[in-house]
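I have placed the structure first, in the form of structure tokens, so that the comments after it can refer back to it.
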Amino acid sequence: PRLYNHLLADALRHGLQHNARAFTSEAYPNWGLEASRLWITAKLLWDPYLDPDALLHDYCIHAFGAAAPAMEAAFRVAERAWTDPRNPPFKNWFDIGIGDPRQLRPYTPRVVAEIQSHFAAARAAATDPEIRARVEFFGQCWDMLGLLTSSYAGMQQLQSGASVRD
């Protein structure tokens with residue numbers, strides 16, 4: 001998941017201030033990972049001066065009801081991980097293709113565990129059946145991220161010659 005709502009808002013404001021009048025993009029989303037970003041992008045394209053935090057809050061309240069605080073927290077952790085300038089992929093994230101495993105680097109085991117803890121709280125908070133199903137769908141998509149990052153970390157250890165523990 002490439003969550004960068006604040007960077008996008010800044011870029012759109014900069015573009016508007018410098019007379020940019022067009023925006024082009026492609027999306028091949030995994031909806032459970034990227035629906036919030038696409039919704040927020042659509043809102044920011046109409047008004048780049050909207051607050052990305054307020055937009056995320058609005059999205060989560062309407063999409064996840066009682067589970068909104070936990071879902072919002074999970075999305076914030078993911079955005080913080082993706083946009084952390086200390087992460088090597090961040091410096092060139094626009095050059096990282098969809099199938100490039102380097103995009104998994106920001107999602108360390110600690111970050112994935114934190115995201116999964118928020119999803120556990122969201123699952124517990126979701127009492128409405130429709131909301132519960134939506135949270136479960138999103139949770140399964142993020143669980144897949146956990147599996148991919150574990151696999152990537154194991155691959156990195158094997159390639160470096162480090163021992164791999166079960």
Side-chain angles (χ1 to χ4, degrees), residues 1-100 102-107 111-112 114-119 121-123 125-145 148-149:
R2 298 175 183 205
L3 300 178
Y4 47 86
N5 301 324
H6 290 86
L7 289 176
L8 178 64
D10 291 344
L12 290 172
R13 290 178 196 131
H14 178 80
L16 187 62
Q17 291 164 359
H18 291 86
N19 298 316
R21 295 295 179 255
F23 178 88
T24 185
S25 172
E26 291 183 25
Y28 306 99
N30 173 327
W31 290 107
L33 302 177
E34 300 182 83
S36 65
R37 176 178 53 84
L38 295 173
W39 186 85
I40 291 168
T41 298
K43 296 293 185 182
L44 289 172
L45 286 170
W46 282 102
D47 183 354
Y49 292 98
L50 292 173
D51 177 8
D53 290 322
L55 290 171
L56 178 62
H57 180 75
D58 185 54
Y59 173 85
C60 288
I61 289 291
H62 288 92
F64 304 112
M71 295 297 288
E72 190 172 340
F75 291 130
R76 288 188 194 290
V77 171
E79 181 176 5
R80 190 172 58 242
W82 184 260
T83 60
D84 185 337
R86 294 171 296 177
N87 286 326
F90 175 72
K91 294 175 183 155
N92 295 309
W93 63 267
F94 47 85
D95 288 334
I96 297 175
I98 290 174
D100 191 326
R102 291 178 300 164
Q103 68 184 310
L104 298 172
R105 285 183 189 166
Y107 299 102
V111 168
V112 171
E114 187 177 354
I115 291 170
Q116 288 174 333
S117 74
H118 291 304
F119 271 97
R123 286 174 168 126
T127 55
D128 176 88
E130 185 177 328
I131 298 294
R132 176 169 282 180
R134 188 172 301 132
V135 167
E136 186 57 34
F137 169 75
F138 276 67
Q140 288 173 358
C141 294
W142 286 86
D143 289 346
M144 176 63 91
L145 175 67
L148 290 170
T149 56

Heavy-atom side-chain contact between [X] and [Y] under 4.5 Å:
{"X": "Asn5", "Y": "Leu55", "value": "no"}
{"X": "Pro106", "Y": "Val111", "value": "no"}
{"X": "Arg132", "Y": "Val135", "value": "no"}

**Asked** Quick one: side-chain hydrogen bond (donor to acceptor under 3.5 Å, both in side chains) partners of Gln140, sequence neighbours excluded?
**Response**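 Once residues adjacent in sequence are excluded, the partners of Gln140 under the side-chain hydrogen bond (donor to acceptor under 3.5 Å, both in side chains) criterion are Glu136.
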
Rounded to the nearest 0.5 Å, how far apart are [atom1] of [X] and [atom2] of [Y]?
{"X": "Asp53", "Y": "Phe75", "atom1": "CG", "atom2": "CZ", "value": "14.0 Å"}
{"X": "Glu34", "Y": "Ile40", "atom1": "CD", "atom2": "CD1", "value": "12.5 Å"}
{"X": "Leu8", "Y": "Leu3", "atom1": "CG", "atom2": "CG", "value": "11.5 Å"}

| query | Asp58 and His62: side chain to side chain donor-acceptor pair (under 3.5 Å), yes or no, with the steps? | reply | CA-CA 6 Å; Asp58 185 54; His62 288 92; 3.0 Å; yes

**Prompt:** Could Arg76 and Glu79 be called an ion pair, given the rule that one side-chain N must be under 4.0 Å from one carboxylate O?
**Reply:**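 Looking at Arg76 and Glu79, the cut-off is not met.
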
Charged N-O contact under 4.0 Å between Asp143 and Arg123
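A salt bridge links Asp143 with Arg123.
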
Exercise for the section: Applying side-chain contact (heavy atoms from CB on, under 4.5 Å), name anything that partners His57, two or more places apart in sequence or on another chain. Expected result: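 For His57, the residues satisfying side-chain contact (heavy atoms from CB on, under 4.5 Å) (neighbours in sequence not counted) are Ile61, Glu72.
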
TODO: Answer with yes or no after comparing the ring centroid distance for Trp39 and Tyr59 against a 6.0 Å cut-off, counting only values under it.
DONE: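 Aromatic pair counts; centres sit under 6.0 Å.
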
Can you check side chain to side chain contact (heavy atoms under 4.5 Å, CB included) on His18 and Arg13, steps first, answer last?
-> CA-CA 9 Å; His18 291 86; Arg13 290 178 196 131; over 6 Å; no

Can you establish whether the number of heavy atoms outside Gln17 located under 6.0 Å from its atom CD is more than 12?
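Yes, the 6.0 Å shell around CD holds more than 12 heavy atoms from other groups.
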
- Task: Could you note down all residue pairs passing salt bridge (charged side-chain N to carboxylate O under 4.0 Å, His left out) where residues 16-30 supplies at least one of them, sequence neighbours left out?
- Result: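 Counting only pairs at least two positions apart or across chains, no salt bridge (charged side-chain N to carboxylate O under 4.0 Å, His left out) contact touches residues 16-30.
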
